[in-house]
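So that the names make sense, note that chain A is the first sequence line, chain B the second, and so on, each numbered from 1. Small disclaimer: the values here were computed from a predicted structure and weren't measured.
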There are 2 protein chains.
Amino acid sequence: MATGRDVAQLAGTSTAVVSYVFNNGPRNVSDETRAKVLAAAEKLNYRPNALARALSFGRTASVGLIVPDIANPFFGELARALEDAAIARGDLLLIGDSALDEDREAQIISAFVDRRVDSVVMVSIREHPDFSAFTQAGIPVVALHPVDRGSAASSITIDYEEAARAAAEHLVSHGYDSIALLNGPYDSVGAGQHRRGFAAAVDRAGTPIRTIEVNSATSRADAAARALDWLARPDRPRAVTCATDEQAYGVLHAAHRLGLRVPHDLAVMGFDGTGHSAFAVPALSTVRQPIPRIAERAVGLLAEADGDPVHEVLGYELELRESCGCGDRGE
Amino acid sequence: MATGRDVAQLAGTSTAVVSYVFNNGPRNVSDETRAKVLAAAEKLNYRPNALARALSFGRTASVGLIVPDIANPFFGELARALEDAAIARGDLLLIGDSALDEDREAQIISAFVDRRVDSVVMVSIREHPDFSAFTQAGIPVVALHPVDRGSAASSITIDYEEAARAAAEHLVSHGYDSIALLNGPYDSVGAGQHRRGFAAAVDRAGTPIRTIEVNSATSRADAAARALDWLARPDRPRAVTCATDEQAYGVLHAAHRLGLRVPHDLAVMGFDGTGHSAFAVPALSTVRQPIPRIAERAVGLLAEADGDPVHEVLGYELELRESCGCGDRGE
DNA sequence: CTGAAAGCGCTTACAG
DNA sequence: CTGAAAGCGCTTACAG
């Protein structure tokens, strides 16, 4: 490919001027010279090498995103929203999929540090994520989940406990007398929040409610396998609230296989609220996370990062559809 | 961050030696010196700057992926498989989501060229993708869809026409006498292949079959909206074969809203066959593309790229489940 | 307004 | 086996 020197040569000027033209500064260039440079660049199909640029400029114009599972539509939507936000600022989003593997996560972190991304948005799969590689490199990080106190990373989240409570409370309001919580792995941070929110809703119910917590990985396959087993029992619950939509889809599938009708025999509530949830069979009631807002705030916060971590809590919305017993299939 | 010079200084040697140590070559380093360098690097938490490395080495150790819609699980699975293949070779996968927008696709192409990715895997949203930016930069490209004759890009695909025929033929074998093709946008290349495959299956059927082609965008929302309208009519088809699983999910949802039971009232066949298809309600019969194999071949082919485009056709598999009338929900 | 030169942090022939 | 130096392709003070 043509370099700045090729362009300078053809235009009869210096590489400094070529740079001034392509960056609109920091020095002025006469209209005449500018035109010559542009013409030469056009002719040679010149594109400044972003690597060389980043090396001397000290900024790569890229933000890294690390997600646990890019095949999960929640992260797909998140990636898209972040890419929109990043591109609007002239940055490129680099997406790393840790594939629910801690080693893979570590590899991606190293790759991002080595490539000197300017900032990072992260959804870690670890209980206590280690942000030190980024902080040592001076790369600001925003996590999209709660972080430990004193952590160097910022965070943007909804109030999971509160949202989980709202979801369960809604099922209570339908009058269901036995409700299950299909939670993530028992010891995960997220599971604790869903558990506490669920318990609060049950506590506040006027009537006694039979409850049970079941755990599965955050995947349709695992959730379906667990549900298939547990919904077949005579004492199966009347309703289930799930920690993620992915798990809810697994429950919907399992219920169908068992001949249980949703919501008639089993009410189901999801959590995350991606666009796909509206097209489930039946349409899935869920808690919607404000993905566009999360993305916009994350990118904005990273752009203004001054070293001090910031923690923001955004609102969620209850999306009531057929699966919990609200509305009918026709609407 | 610490640089190679910092390490050299602390180890009492030169940057050349630091480089030799970290690259295991091209020159030998005495064990003693190596140990000193490693200790200094450890102490300073040194990580070679990948930008500088790429600039002088002429290789970025990164492959770019451009997909139309990262929220579509097919591309999610593809991205994951490619990342596996790339990481196994020590490369980083950069994922760009063109969000079904031609301008966005062009932006990503420029960003990849500017960053000098070593190679590119691309699923374009354009009828006649323009690979010139890559070829001018000497970056080999493999498209995961058929490409124009004489194109500089390689391609790896299944035989879509043949696969579409097999899917439709399977519905014919069930004895359904009216079958619809829910295809992508009428003029797209893909649509032509599905159309021809579908027509071939119908032609070969021993009995007359009533057919209709309906078009929608490749999204659940659009497919559901179309299906809601068209499945409500009295002359609705007995079976539908779709150009993508996404569209099939939309049909499943619409059928449910209309009170039609699948497969009893309407048989449905998808196309793509991601892991999610097994957990649809009901489980979706579909054509499975060999994603892991596609990814592995793509990365392999790019690694050996010698300039001449290569075109490979891989096998597909018919995945028969409940939605077409095969098997029962219990299995 | 413009050019020659130093520097970003690496790699790698070239000498020793 | 090791070091001093040139070069990858940019940007930006520094002089003019």
First locate atom CD1 of A:I125, then atom CE of A:M122, and finally report the distance between them rounded to the nearest 0.5 Å.
8.5 Å
To the nearest 0.5 Å, tell me how far B:R293 CZ sits from B:I158 CD1.
14.0 Å
Could you tabulate the donor-acceptor pairs under 3.5 Å formed by side-chain atoms of residues 50-66 of chain A, not counting sequence neighbours?
{"residue": "A:R53", "atom": "NH2", "partner": "A:N23", "partner atom": "OD1", "Å": "2.1"}
{"residue": "A:R59", "atom": "NH2", "partner": "A:D91", "partner atom": "OD1", "Å": "3.4"}
{"residue": "A:T60", "atom": "OG1", "partner": "A:S62", "partner atom": "OG", "Å": "2.9"}
{"residue": "A:T60", "atom": "OG1", "partner": "A:R116", "partner atom": "O", "Å": "2.8"}
{"residue": "A:T60", "atom": "OG1", "partner": "A:D118", "partner atom": "OD1", "Å": "3.3"}

If we count only N and O atoms by modelled type, under 3.5 Å, do the side chains of B:S132 and B:T135 hold a donor and an acceptor together?
no
Does either side chain, that of B:E105 or that of B:S124, offer a donor lying less than 3.5 Å from an acceptor on the other one?
yes
If you compare every side-chain N and O of [X] against the phosphate oxygens of [N] (OP1, OP2), does one of them come in below 4.0 Å?
X	N	value
A:S14	C:dG3	yes
A:S30	C:dT2	yes
A:N49	D:dC8	no

Assess whether ring pair (Phe, Tyr, Trp, His ring centres under 6.0 Å) is satisfied between A:F134 and A:F112, documenting all intermediate values.
CA-CA 9 Å; A:F134 292 125; A:F112 281 177; 7.2 Å; no
Once you apply a heavy-atom cut-off of 4.0 Å, does B:F22 come out as touching a base, just sugar-phosphate, or nothing?
nothing
Inter- and intrachain pairs under salt bridge (Lys or Arg N to Asp or Glu O under 4.0 Å), touching residues 29-48 of chain B, at least two apart
A:D114-B:R47
Just grab all the salt bridge (Lys or Arg N to Asp or Glu O under 4.0 Å) pairs involving residues 60-86 of chain B, residues at least two apart or on different chains.
A:D69-B:R80, A:R80-B:D69, A:D97-B:R80, A:R104-B:E83, A:R104-B:D84
Send over the distance from [X] [atom1] to [N] [atom2], rounded to a whole Å.
X	N	atom1	atom2	result
B:N24	C:dT11	CG	P	12 Å
B:L51	C:dC8	CG	P	15 Å
A:N28	C:dT2	CG	C1'	12 Å
B:N23	C:dG9	CG	P	17 Å
B:R5	D:dA4	CZ	P	12 Å
B:D118	D:dC8	CG	P	18 Å

Does any part of the side chain of [Y], heavy atoms only, come nearer than 4.5 Å to the side chain of [X], both counted from C-beta?
X	Y	answer
A:Y160	A:P146	yes
B:F74	B:I291	yes
A:T3	A:D6	yes

Which is it for A:T157 and A:H145 under the side chain to side chain donor-acceptor pair (under 3.5 Å) test, yes or no, and what are the steps along the way?
CA-CA 5 Å; A:T157 64; A:H145 47 68; over 6 Å; no
Go nucleotide by nucleotide along DNA chain D from the 5' end; which of B:G12 and A:R47 gets its closest nucleotide reached first?
B:G12
Pairs under 3.5 Å (N/O, protein and nucleotides 13-16 of chain D):
{"residue": "D:dA13", "atom": "N6", "partner": "A:Y20", "partner atom": "OH", "Å": "2.9"}

Closest of C:dT11, C:dG9, C:dG3 to the B:T15 side chain is C:dT11
Which helical stems does DNA chain D take part in, if a stem means at least 3 consecutive Watson-Crick or G-U pairs with both distances below 3.5 Å?
C:1-3 with D:14-16, C:5-12 with D:5-12, C:14-16 with D:1-3
With the threshold set at under 4.0 Å for non-hydrogen atoms, list the residues of residues 52-61 of chain A touching DNA chain C in residue-number order.
A:L55, A:S56
